[in-house]
Structure formats: C-alpha cells, structure tokens
S.K.: 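One structure follows; several queries about it will come next.
Just so you know, residue 1 is the first one in the sequence shown, and it goes up from there.
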Amino acid sequence: MSGDNSKTDMNLETPPKAGPPPRLLSLDAYRGWIMLTLLCAGIFNSLKGHPTWNWLYVQTEHVEWEGCVYWDLIQPSFMFIVGVAMPLAFSRRAAAGNSWRQQFRHALFRAFTLMLIGTLLDHFGATTIQIGFIRVLQQIAIGYILVFFLLDRSPRVQATVAGVTLIAYQLAWMYNPWNGPGGPWAQGNQNIGSALDQWMLGRNYSNYYVGSNAIPASVMIFFGVMAGQLLQKNLAPKRIVRVLLISGCALLLAGYASGHWFPIIKRIWTPTFTLFAGGWSILFLATFYWLVDAIGWKKWAFPLIVVGANSMAAYFMANCLGGWFRSLTDVWIAGLRDPLGAEWFPVLQRLLFAASAWLVLYWLYRRRIFLKA
C-alpha cells in the first residue's frame with residue numbers, strides 16, 4: 001500500500017466523525033461470499049475419495065453427525081448476517097419516523113414473507129404438501145420476530161437472553177422422557193426434537209434434522225445483532241476489530257472446549273455448535289470489516305458485493321436453477337468431458353453456473369434491481 005503509513009494508522013485509530021453511518025460494504029461482501037458458496041453447491045462432490053482432493057469434498061458437504069466443516073457454517077453465517085443488518089435497518093426506519101408499531105408490522109410482514117418463500121421452495125418439484133421449518137428462511141423468520149422484541153435492549157440483556165436460551169435448550173435435551181438408550185446426543189430420532197416434530201407435524205425430517213433447532217439458531221441472530229450494534233458505535237475501526245476478534249475467539253474456544261462433553265452437532269443445533277459457529281461467524285465479519293471498511297480494499301470485494309446486495313435473487317437461483325442450467329449446457333460443453341475426466345467436468349459445470357448467475361446479478365446490480373423479502 002502506497003502513501004504515508006502513519007497517516008493510515010492514525011485514521012484507523014481515530015473514531016469516524018458523527019453522522020449518518022455509511023453502508024457497510026463489508027457486510028455485503030460477507031453476505032456475497034456466503035451466497036456465492038451456495039451458488040457453487042456440490043462443486044466438489046465428484047472429488048469424493050480422490051487421493052489428493054478429497055479434503056475439498058469434505059469441507060463442502062455436511063458432516064454426518066458430530067463435528068463441523070466449512071459447509072456447516074453456511075446457514076449459521078446467513079442467520080448471523082441477518083442479525084448484523086437488523087439494528088442498522090431498524091435504526092434507519094426509526095430515523096425516518098417509523099413508530100415501534102410500524103416497525104413491528106414490518107418485522108411481521110418480513111417474517112411471513114420469508115416463511116412463505118421458504119415453504120414454496122420446499123415444494124419445488126414435490127408431489128405432496130409437507131410443511132417444514134428446517135430451511136434457513138423459515139428459521140430466520142422465527143428468529144427475526146423473537147429477536148425484534150429485544151432489539152432496543154442493551155448487549156448485556158441480549159447476551160443474557162442468548163445464554164439462558166442455550167442453557168434451557170441444553171437442559172431440555174438432556175432431561176426428558178424421549179431420549180433413547182444412547183442418550184440425548186445419539187444419532188437418530190429418539191430425542192425431544194423428534195418427539196416435538198411427531199407431535200406438530202406427524203413425521204420426522206430426513207437425516208435426523210429437527211424443527212426445534214430454530215430456537216438455538218435464533219441465538220445466531222442475537223450474536224449478529226450485538227455485532228451490528230458494535231459497528232454502529234462511533235469507535236475507531238481498530239477497536240471494533242479488536243472487540244470482534246476477542247469475542248469470536250472466546251465463543252470459538254468455548255464451543256470447542258465444551259464440545260468434549262457435549263458434542264458439536266449441526267443437525268440438532270446443539271448449544272456447543274451455536275457457540276462454535278457463532279465464533280467463526282464473528283471472525284468472518286471481523287475479517288471482511290477490516291479489509292473492506294477499515295483498510296478500504298473495496299475493488300477486490302466488488303464481485304462479492306454484487307452478489308451480497310441481491311442475496312434473495314442469488315438464493316432463488318442457487319435453489320432452483322442449478323440442475324436446469326447443467327442440463328441445458330451439458331450438450332454444449334460435452335467435448336470437455338473426456339479431457340477433464342469424470343472428476344473435474346462436474347466442477348467446471350458448477351463453476352459455469354456460478355459465473356452465469358453472477359452475470360445476471362451484475363445486470364440487476366447495474367440497473368438497481370434488488371429482490372427483497
């Protein structure tokens with residue numbers, strides 16, 4: 001970086017002047033990174049078992065039960081980002097003169113819209129109607145309302161509610177009559193979450209997911225809200241990053257350490273998983289905030305900002321168009337199948353889809369067309 005380094009350091013140590021907070025491009029970049037990952041879903045499935053590249057497959061596929069890899073952090077990051085955006089968005093509404101009642105109506109409408117969109121996507125290509133609550137959009141809708149009521153409270157109150165929620169969820173899983181002989185954390189449907197699903201829906205989800213994981217998942221939104229409130233404060237960027245790094249490392253270590261007694265499991269969203277994923281999400285935010293908003297490296301982040309600024313459109317494409325795109329283009333790039341082989345040809349197909357989706361999002365971005373829920 002050229003120029004006077006002492007001047008740069010001084011700017012990073014000095015709080016910004018008071019006034020309307022600028023748009024957090026780092027949040028758009030972080031959101032864009034998560035959505036771009038979704039657009040590349042399944043990109044390394046063909047490398048499963050490869051002697052050199054199997055680790056890429058492992059990191060982009062959910063763990064079967066215990067543990068955590070990169071792909072398990074996508075949904076928590078999505079919910080965390082929603083939390084970061086909430087105090088920023090509602091403070092703008094308050095500044096525009098919206099009353100609490102008007103803001104609550106907006107929160108209800110957004111939650112209903114997310115629930116509706118998620119339900120419709122659940123039935124994309126389905127033959128029967130089955131209502132569910134494990135998709136990220138439905139879980140955001142639930143958490144959005146729960147967190148809204150504490151949006152104007154202090155971080156101490158929010159942290160207390162988050163902690164009590166995780167402790168209560170932990171105790172409910174440990175002490176209930178539905179646990180099987182393997183205990184509360186055994187893989188299967190002998191637990192309180194599966195019992196609640198049977199009572200509510202008359203069925204269990206596949207792969208042992210449970211709908212009650214929306215409760216600890218909402219704590220991710222709380223973590224995001226507290227981070228968003230920190231970013232709103234008139235503090236020097238270095239201090240903000242320092243607080244984020246300390247908080248992220250503390251949660252990460254707490255989740256990892258307690259995971260020796262209470263396993264880290266995403267499918268039932270154990271409290272240890274919430275702490276572990278929350279730590280990673282805060283560290284991701286700290287990295288993007290430092291690079292994009294504090295240092296000002298915005299050019300490299302522009303491709304991510306294009307995606308993050310239109311996350312709902314990216315989410316639709318990731319969930320609905322990937323298979324269609326690969327089927328449509330297969331004949332046009334079939335000549336590359338033999339040179340690339342069965343392992344790398346599918347990787348190319350998914351990269352082409354992500355690139356094509358980005359071009360659509362760029363077209364929308366240039367015309368200021370943004371899909372909102």
S.K.: Side-chain contact test, heavy atoms from C-beta onward, threshold under 4.5 Å: evaluate it for Trp71 versus Val63 and give yes or no.
M.R.: no

S.K.: Please walk me through it: do Trp53 and Tyr57 pass ring-ring contact (aromatic ring centres under 6.0 Å, His included)?
M.R.: CA-CA 7 Å; Trp53 302 108; Tyr57 163 76; over 10 Å; no

S.K.: Suppose we screen for side chain to side chain donor-acceptor pair (under 3.5 Å). Which residues come up paired with Trp280, at least two apart in sequence or across chains?
M.R.: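 In terms of side chain to side chain donor-acceptor pair (under 3.5 Å), with neighbours along the sequence ignored, Trp280 is linked to no residue.
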
S.K.: Quick one: pull up OH in Tyr175 and CD in Gln170 and give me the separation to the nearest 0.5 Å.
M.R.: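 Atom-to-atom, Tyr175:OH and Gln170:CD are 9.0 Å apart.
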
S.K.: Anything under 3.5 Å between a donor and an acceptor, one on a side chain of residues 244-262, the other on a protein residue two or more places apart or in another chain? List them.
M.R.:
unit_1: Ser247; atom_1: OG; unit_2: Val243; atom_2: O; d: 2.8
unit_1: Ser258; atom_1: OG; unit_2: Ala254; atom_2: O; d: 2.7
unit_1: Ser258; atom_1: OG; unit_2: Gly255; atom_2: O; d: 3.4

S.K.: Is the Phe44-His50 ring centre distance short of 6.0 angstrom?
M.R.: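 Distance test on ring centres: not under 6.0 Å, no.
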
S.K.: So which atom in Pro87 and which in Gln232 form the shortest heavy-atom distance, rounded to 0.1 Å?
M.R.: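 Between these two residues, the closest heavy atoms are O-NE2, 3.3 Å.
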
S.K.: Mind checking salt bridge (charged side-chain N to carboxylate O under 4.0 Å, His left out) for Asp293 and listing every partner two or more places apart, or none if nothing turns up?
M.R.: none

S.K.: For Leu230 and Met226, what are the C-alpha separation, side-chain angles and deciding distance, and is it a side-chain contact (heavy atoms from CB on, under 4.5 Å)?
M.R.: CA-CA 6 Å; Leu230 173 67; Met226 288 184 277; over 6 Å; no

S.K.: Return a table of donor-acceptor pairs under 3.5 angstrom between the side chains of residues 365-373 and protein atoms on other chains or two or more places apart.
M.R.:
unit_1: Arg366; atom_1: NH1; unit_2: Tyr362; atom_2: OH; d: 2.9
unit_1: Arg367; atom_1: NH1; unit_2: Trp363; atom_2: O; d: 3.2

S.K.: Are Ile140 and Ile131 joined in one hydrophobic group, where the rule is that I, L, V, M, F, W and Y side chains link up if heavy atoms are under 4.5 Å apart?
M.R.: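 The answer is no; the residues belong to distinct hydrophobic clusters.
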
S.K.: Would you check if Cys68 and Leu73 make a side-chain contact, meaning some heavy-atom pair closer than 4.5 Å?
M.R.: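 Result yes, sub-4.5 Å side-chain heavy-atom pair found.
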
S.K.: Determine the sole option in Glu66, His62, Gln75 for which the side-chain hydrogen bond (donor to acceptor under 3.5 Å, both in side chains) test with Lys266 is passed.
M.R.: Gln75

S.K.: With a 3.5 Å distance limit and no angle check, can you tell me whether Asp197 reaches the backbone of Gly211 through a side-chain donor-acceptor pair?
M.R.: yes

S.K.: For residues Tyr208 and Ile264: do they belong to one hydrophobic cluster (side chain heavy atoms under 4.5 Å, members Ile, Leu, Val, Met, Phe, Trp, Tyr)?
M.R.: no

S.K.: Between Ser99 and Gln102, what is the shortest heavy-atom contact and its length?
M.R.: N-OE1, 2.8 Å

S.K.: Nearest 0.5 Å please: distance from the OH atom of Tyr289 over to the CG atom of Leu27.
M.R.: 12.0 Å

S.K.: Under 4.5 Å between any side-chain heavy atoms of Thr165 and Pro216, yes or no?
M.R.: no

S.K.: Out of curiosity, does Met79 fall in the hydrophobic cluster containing Phe149 (side-chain heavy atoms, cut-off under 4.5 Å, transitive links)?
M.R.: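 Shared cluster, yes.
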
S.K.: How long is the span from the CD1 atom in Ile265 to the CG atom in Asp72, to the nearest 0.5 Å?
M.R.: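 Rounded to the nearest 0.5 Å, the CD1-CG separation comes to 11.5 Å.
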
S.K.: Could you list all the side-chain hydrogen bond (donor to acceptor under 3.5 Å, both in side chains) pairs where at least one residue sits in residues 212-231, not counting sequence neighbours?
M.R.: Gln139-Asn213, Tyr169-Ser212

S.K.: So which atom in Gln158 and which in Leu150 form the shortest heavy-atom distance, rounded to 0.1 Å?
M.R.: NE2-O, 2.9 Å

S.K.: Flag yes if more than 12 heavy atoms outside Phe109 fall under 6.0 Å of its CZ atom; otherwise flag no.
M.R.: no

S.K.: With side chains defined as the heavy atoms from C-beta onward, is the minimum distance between Trp178 and Gln198 less than 4.5 Å?
M.R.: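 The answer is no; the side chains never approach within 4.5 Å.
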
S.K.: For Thr272, which residues count as a side chain to side chain donor-acceptor pair (under 3.5 Å) partner, sequence neighbours excluded?
M.R.: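 Once residues adjacent in sequence are excluded, the partners of Thr272 under the side chain to side chain donor-acceptor pair (under 3.5 Å) criterion are Thr270.
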
S.K.: Is there a side-chain contact between Phe284 and Ser77 (heavy atoms, below 4.5 Å)?
M.R.: yes

S.K.: With a 6.0 Å cut-off (strictly less than), is the heavy-atom count around CZ of Arg153, excluding the residue itself, greater than 12?
M.R.: no

S.K.: Can you pull out every side-chain hydrogen bond (donor to acceptor under 3.5 Å, both in side chains) where at least one residue sits in residues 313-327? Sequence neighbours excluded, please.
M.R.: Arg135-Tyr315, Arg135-Asn319

S.K.: Could you give the distance from CD1 (Ile305) to CZ (Phe288), rounded to the nearest 0.5 Å?
M.R.: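 Going from the CD1 atom of Ile305 to the CZ atom of Phe288 covers 10.0 Å.
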
S.K.: Does Trp100 CH2 have over 12 foreign heavy atoms under 6.0 Å away?
M.R.: yes

S.K.: Output the rest of the hydrophobic cluster of Val331: all Ile, Leu, Val, Met, Phe, Trp and Tyr residues reachable through side-chain heavy-atom contacts under 4.5 Å, sorted by chain and number.
M.R.: Trp332

S.K.: Do Phe276 and Pro76 make a side-chain contact, defined as non-hydrogen atoms from C-beta onward lying under 4.5 Å apart?
M.R.: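 Phe276 does not reach Pro76 side chain to side chain.
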
S.K.: Walk me through whether Ile221 and Leu146 qualify under side-chain contact (heavy atoms from CB on, under 4.5 Å).
M.R.: CA-CA 10 Å; Ile221 302 181; Leu146 295 177; over 6 Å; no

S.K.: Does the ring-ring contact (aromatic ring centres under 6.0 Å, His included) test come out yes or no for Tyr205 and Phe133, once each step is laid out?
M.R.: CA-CA 10 Å; Tyr205 297 101; Phe133 302 98; 7.8 Å; no

S.K.: Do Ser194 side-chain atoms and Gln190 backbone N/O form a donor-acceptor pair below 3.5 Å?
M.R.: no

S.K.: Got Leu36 and Leu39 here, is their nearest side-chain heavy-atom distance under 4.5 Å?
M.R.: yes

S.K.: Parallel under 30°, tilted from 30 to 60°, perpendicular over 60°: which one fits the rings of Trp185 and Trp173?
M.R.: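 Geometry flag for Trp173 against Trp185: parallel rings.
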
S.K.: Please name the pair of heavy atoms, one in Leu88 and one in Gly228, separated by the smallest distance, quoted to 0.1 Å.
M.R.: CD2-O, 4.1 Å

S.K.: CG of Leu38 to OG of Ser311: how many Å apart, nearest 0.5 Å?
M.R.: 10.5 Å

S.K.: Which side-chain N or O atoms in residues 336-355 pair as donor and acceptor under 3.5 Å with protein atoms at least two apart or in another chain?
M.R.:
unit_1: Arg337; atom_1: NH2; unit_2: Asp330; atom_2: OD1; d: 2.6
unit_1: Arg337; atom_1: NH2; unit_2: Asp330; atom_2: OD2; d: 3.1
unit_1: Gln349; atom_1: NE2; unit_2: Asp330; atom_2: OD1; d: 3.2
unit_1: Arg350; atom_1: NE; unit_2: Ala41; atom_2: O; d: 3.2
unit_1: Arg350; atom_1: NE; unit_2: Gly42; atom_2: O; d: 3.1

S.K.: Any side-chain heavy atom of Phe273 within less than 4.5 Å of one from Ile268?
M.R.: no

S.K.: May I have the step-by-step check of side-chain contact (heavy atoms from CB on, under 4.5 Å) for Leu120 and Ile117, ending in yes or no?
M.R.: CA-CA 5 Å; Leu120 292 175; Ile117 294 173; 5.7 Å; no

S.K.: What closest approach, in Å, do Val292 and Ala301 show between heavy atoms, and which atom pair accounts for it?
M.R.: CG2-CB, 3.9 Å

S.K.: Determine, step by step, whether Phe148 and Arg110 satisfy the side-chain contact (heavy atoms from CB on, under 4.5 Å) criterion, reporting the C-alpha distance in whole Å, the side-chain angles of both residues, the deciding distance to 0.1 Å, and the verdict.
M.R.: CA-CA 12 Å; Phe148 173 81; Arg110 189 175 191 206; over 6 Å; no

S.K.: Please list all pairs meeting salt bridge (Lys or Arg N to Asp or Glu O under 4.0 Å) that have one or both residues in residues 31-57, counting only residues at least two apart or in different chains.
M.R.: Asp28-Arg31

S.K.: Go through the structure and list residues passing side chain to side chain donor-acceptor pair (under 3.5 Å) with His123, not counting sequence neighbours.
M.R.: none

S.K.: Under the side chain to side chain donor-acceptor pair (under 3.5 Å) test, which residues partner Gln138, sequence neighbours left out?
M.R.: Asp122

S.K.: What's the separation between atom CD1 in Ile74 and atom OG1 in Thr37, rounded to the nearest 0.5 Å?
M.R.: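 Rounded to the nearest 0.5 Å, the CD1-OG1 separation comes to 4.5 Å.
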
